[in-house]
2 protein chains.
Amino acid sequence: MTYTTTEENYIKAIYHLEHVHDKVSTTLLSEEMNTRPATVTDMLKKLESKKILHYRKYKGFILTDQGNKTALNVVRKHRLWEFFLVNKLGFEWDEVHSMAEELEHISSNELTTRLDNFLGNPAFDPHGDPIPDNKGKIKILQQECLAAVTVKKSVTVSSVKNQSTEMLELLNHFKIGIGTKIKINKRFGFDGSMEIRIDKSPAMIISKLVALNVFCII
Amino acid sequence: MTYTTTEENYIKAIYHLEHVHDKVSTTLLSEEMNTRPATVTDMLKKLESKKILHYRKYKGFILTDQGNKTALNVVRKHRLWEFFLVNKLGFEWDEVHSMAEELEHISSNELTTRLDNFLGNPAFDPHGDPIPDNKGKIKILQQECLAAVTVKKSVTVSSVKNQSTEMLELLNHFKIGIGTKIKINKRFGFDGSMEIRIDKSPAMIISKLVALNVFCII
DNA sequence: TTAAATTTTTAGATTTGTCTAAACTTTTAA
DNA sequence: TTAAAAGTTTAGACAAATCTAAAAATTTAA
Ligand SMILES: [Mn+2]
Ligand SMILES: [Mn+2]
Ligand SMILES: [Mn+2]
Ligand SMILES: [Mn+2]
């Protein structure tokens, strides 16, 4: 089975939303896809007929195994291309998303396999998100939210939740990236901000919102 | 200006045909695009309105400067990606065309520039075709058709005209590729076939049709 | 428990790229 | 030089992905 670029984008969006919300609604999906709910309803019928999801009018929808498999393949390509763009072409992590959004639809499986090998079969993309292997298997790390880490502990940044350009730009400014080692000096009760230190550089303050979006390995 | 994948494919097809035929007809273009002439007429009107070509009903059409520039950019991306697939991912030269047909539509100019640099700014693709630089400039080689080369001369293969899988497969079998040095032993008047030799390997016979499709530097 | 609010679906259009069949223009050749 | 052949365009239709407006179903809350 092959799917259009649009279908693949819907499948991937449903996959992502299913991992954040326990029930994905038509409206939620329409917001994610920047379309109208009516458009989503049409697409749901189409994807149902292609056995990508189970759908019952007014009752909701959920990806089938086939749907999940397809989503994982698109996610795999997206993250492999992001890795390529950052590690081979020298792009910054905040520049690659829209390019990967196009590259993820290149169809050749052989190309994906060879790209994977060329990159050294990476397990994580530049944002710390796991790259599914060719069977759809994902490495799951035991991570903790930086906002919840005990004071005085040292941790290693492993992923970023909010991946907006603004957030990544801010982390760039702080010189925080995947793999950065952080020591938590103090947490301020007033606004939940934290004083942290990277190596020997001077201590700095990050807001609670930033801390909530950074995940670490302890 | 940005163009759809379909529009880009038409623009590129017109560009290629203009370099082989002194007048491109609606029917010829429809054959190249595997569509009906009526479909081409519709697209011509659309591309005319986008200033990609000059068009006069029943009288023909020709790319504008803007059309040529756009075509060269698509050709550039196509050939850079082919180079990448062969020289970085290890594909054979007869495997890359359809993948490049998709990759050539990835829009980011910054990506194209960085890919070009990553590949070492190659001037020719795996089939010996010139890769336009970022200004659309092409290196033109002084080439001669193998079928026309004087007997006893030694030449270097520089490009292949017919790039069908069948042709490339045949050349693979003969171990003839871009850069291969060939000595012409004899040309047979009966069928125009030629006896050639590569390095110290035993002499072999290639048909006139093969020779007509191989171009060399003398 | 039922009426109001919210969500979802249906109905009917629109745009893009395609088709077939028919009409129109140009070219060819008798 | 003109009639037939060939090439091109027009007219009308369709599938995909989208929209708006209205109808229907579900959820919420008085
Ligand atoms: Mn995408
Ligand atoms: Mn990512
Ligand atoms: Mn293409
Ligand atoms: Mn090529």
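Lettering of chains follows the sequences in order, A, B, ..., and the numbering in each one begins at 1.
As rounded to whole Å, 14 Å separates atom C1' of D:dT18 from atom NZ of A:Lys45. Rounded to whole Å, atom C1' of D:dT18 lies 15 Å from atom CG of A:Leu47. Taking atom CG of B:Asp42 as the reference point, atom C1' of D:dA13 lies 12 Å away to the nearest angstrom. Between the CZ atom of B:Arg56 and the C1' atom of D:dT8 there is a distance of 14 Å, rounded to whole Å. Remark: C1' of D:dA15 and CD of A:Glu7 are 12 Å apart, rounded to the nearest angstrom. For the pair A:Leu44 CG and D:dT18 C1', the computed distance is 15 Å after rounding to whole Å.
Partners of A:Lys139 according to the side chain to side chain contact (heavy atoms under 4.5 Å, CB included) rule, which considers only residues two or more places apart in sequence or in another chain, are A:Ala123, A:Phe124. Evaluation of the side chain to side chain contact (heavy atoms under 4.5 Å, CB included) rule for B:Thr156 yields B:Lys181 as partners, not counting sequence neighbours. Residues satisfying the salt bridge (charged side-chain N to carboxylate O under 4.0 Å, His left out) test with B:Glu31, not counting sequence neighbours, are none. Every side chain to side chain contact (heavy atoms under 4.5 Å, CB included) that A:Leu209 has, sequence neighbours left out, goes to A:Ser207, A:Asn213. Applying the side chain to side chain contact (heavy atoms under 4.5 Å, CB included) criterion to A:Lys57, with sequence neighbours excluded, gives A:Tyr55. The salt bridge (charged side-chain N to carboxylate O under 4.0 Å, His left out) search around A:Arg36 returns none, not counting sequence neighbours. Remark: A:Glu102 engages B:Ser107 in a side-chain hydrogen bond (donor to acceptor under 3.5 Å, both in side chains) (not counting sequence neighbours).
Counting non-hydrogen atoms of neighbouring residues, nucleotides and ligands closer than 6.0 angstrom, the NZ atom of B:Lys69 reaches no more than 12 such neighbours.
Taking all atoms of both residues into account, the shortest heavy-atom contact from A:Gly136 to A:Leu72 is O-CD1, 3.6 Å. The heavy-atom pair separating B:Asp191 from B:Ser193 by the smallest distance is OD1-OG, 2.7 Å.
In this structure, the side chains of B:Phe61 and B:Leu29 come closer than 4.5 Å at one or more pairs of heavy atoms.
Listed pair B:Tyr55 / D:dT9 meets the phosphate criterion, a side-chain N or O lying under 4.0 Å from OP1 or OP2. OP1 or OP2 of D:dT18 sits under 4.0 Å from a side-chain N or O of A:Tyr10.
Of the residues in residues 15-24 of chain A, not one places a heavy atom less than 4.0 Å from an atom of DNA chain C. Contacts with DNA chain C (heavy atom under 4.0 Å) in residues 25-41 of chain A: A:Ser25, A:Thr26, A:Thr27, A:Pro37, A:Ala38, A:Thr41, listed by number. At a non-hydrogen distance threshold of 4.0 Å, A:Tyr58, A:Lys59 from residues 57-64 of chain A come into contact with DNA chain D.
For the residue pair A:Asp129/A:Gln163, the side-chain donor-acceptor check at 3.5 Å is satisfied.
Residue pairs satisfying the side-chain hydrogen bond (donor to acceptor under 3.5 Å, both in side chains) criterion with at least one member in residues 76-89 of chain B, sequence neighbours excluded, are listed as follows: B:Arg76-B:Asp116, B:His78-B:Glu82, B:His78-B:His97, B:His78-B:Glu104, B:Glu82-B:His127.
In DNA chain C, the stems built from three or more successive Watson-Crick or G-U pairs (distances below 3.5 Å) are C:1-30 with D:1-30.
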